[in-house]
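Reviewing the structure listed below.
In what follows, residues are counted from 1 in the order of the sequence shown.
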Amino acid sequence: MLPEVFGVNAWVRSVADRLAAHGYPALAVPLFARTAPELELAYEPSDLAQGRRHKDATTSDQILADVAAAIAWIQDQHPQAAVHLVGFCFGGHAAFLAASLPGVAAAFDFYGAGVSRMRPGGGEPSLTLLPQIQARLTCVFGTADPLIPAEDRETIDMALRKADPAGERLRCLSYDGADHGFMCEARSSFDPQASAQGWRLLLDDVSLL
């Protein structure tokens with residue numbers, strides 16, 4: 001599991017616990033460990049500003065290295081388990097990036113902003129990695145998310161449809177009226193209906209493997 005810019009906080013741990021309660025071993029990866037090993041923030045504006053500073057100091061190479069290490073650990077602990085990635089916010093963008101790694105069976109990008117526009121640390125947009133992604137990939141957005149405007153959603157959707165016209169492996173879904181962070185109960189943008197849909201989607205996908 002790949003967290004928001006707020007680090008491995010109480011909500012992130014609750015998601016890992018929820019997955020574990022369904023019988024799926026879950027590991028939350030501290031994406032900002034190089035600059036803030038124990039980053040755990042709330043959802044206030046000052047926390048967001050602090051989290052964004054650490055996010056801006058994180059590169060795609062670091063993300064890929066950290067997720068690869070996490071995958072190796074999970075596979076060592078649970079050799080028969082299929083590896084799924086699920087990320088939220090910046091972690092969603094990270095999940096898109098890391099879906100290109102070997103050993104990943106499926107990845108969920110929940111409202112990962114900037115996928116079609118940039119790559120952490122610089123370089124071509126992360127969307128250009130799509131040909132390298134062999135995993136099942138699901139991108140989930142809210143139509144009221146100001147960080148992921150309609151143009152970005154359409155660009156990602158078109159790229160996924162072009163790569164997989166049948167939509168059997170790659171899919172892009174949008175929930176009407178949902179804002180950024182709609183999955184997180186601790187945020188003012190929490191949307192119970194969209195969150196319930198997101199959880200059903202995620203758990204149904206995990207159960208396929």
N/O donor-acceptor pair under 3.5 Å between Arg136 side chain and Asp205 backbone: yes
The reported gap from CG in Leu130 to CG in Leu170 (rounded to nearest 0.5 angstrom) is 5.5 Å
Calculate, to the nearest 0.5 Å, the distance between atoms CG and OG1 belonging to Asp56 and Thr35 respectively. 10.0 Å
Just how far is it from atom CG of Leu137 to atom CG of Asp164, taken to the nearest 0.5 Å? 10.0 Å
With a 6.0 Å cut-off on the ring centroids, do Phe96 and Phe110 count as close? no
Answer yes if the side chains of Asn9 and Tyr43 hold a donor-acceptor pair under 3.5 Å, and no otherwise. yes
Check this for me: does any side-chain nitrogen of one of Glu4 and Lys55 sit under 4.0 Å from a carboxylate oxygen of the other? no
Has the side chain of Gln62 got a donor or acceptor atom that lies under 3.5 Å from a matching backbone atom of Thr59? yes
Just by distance, no angles: are the side chains of Ser189 and His180 close enough, under 3.5 Å, to form a donor-acceptor pair? no
Given side chains that start at C-beta, do those of Leu64 and Ser100 come closer than 4.5 Å, heavy atoms only? yes
Residue from Phe88, Phe6, Phe190 passing ring-ring contact (aromatic ring centres under 6.0 Å, His included) with Trp11: Phe88
Could you give the distance from CG (Leu127) to CE (Met118), rounded to the nearest 0.5 Å? 13.0 Å
Could you please spell out the steps behind the salt bridge (Lys or Arg N to Asp or Glu O under 4.0 Å) verdict for Arg187 and Asp179? CA-CA 10 Å; Arg187 302 183 71 163; Asp179 200 345; over 6 Å; no
Here the gap from Met183 atom CE to Glu185 atom CD, rounded to the nearest 0.5 Å, amounts to 8.0 Å
Examine distances only and state if a side-chain atom of His93 and a backbone atom of Ala113 form a donor-acceptor pair shorter than 3.5 Å. yes
Distance flag, aromatic centroids of Tyr175 and Phe141, threshold under 6.0 Å: no
For the pair Leu19 and Trp199, evaluate side chain to side chain contact (heavy atoms under 4.5 Å, CB included) and give the outcome as yes or no after the intermediate values. CA-CA 10 Å; Leu19 290 169; Trp199 270 103; 3.9 Å; yes
Taking atom types as modelled, is there a side-chain donor on Thr128 or Arg119 under 3.5 Å from an acceptor on the other? yes
Distance from His22 atom NE2 to Asp17 atom CG, nearest 0.5 Å? 11.5 Å
Hey, does the side chain of Thr155 reach the backbone of Glu151 with a donor-acceptor pair shorter than 3.5 angstrom? yes
Taking the six-membered ring where the residue is Trp, are the ring centres of Phe182 and Tyr111 under 6.0 Å apart? yes
Examine distances only and state if a side-chain atom of Thr143 and a backbone atom of Gly177 form a donor-acceptor pair shorter than 3.5 Å. yes
Test side chain to side chain contact (heavy atoms under 4.5 Å, CB included) on Leu201 and Thr138 and set out the steps. CA-CA 9 Å; Leu201 195 69; Thr138 303; 4.0 Å; yes
Do Leu160 and Cys139 make a side-chain contact, defined as non-hydrogen atoms from C-beta onward lying under 4.5 Å apart? yes
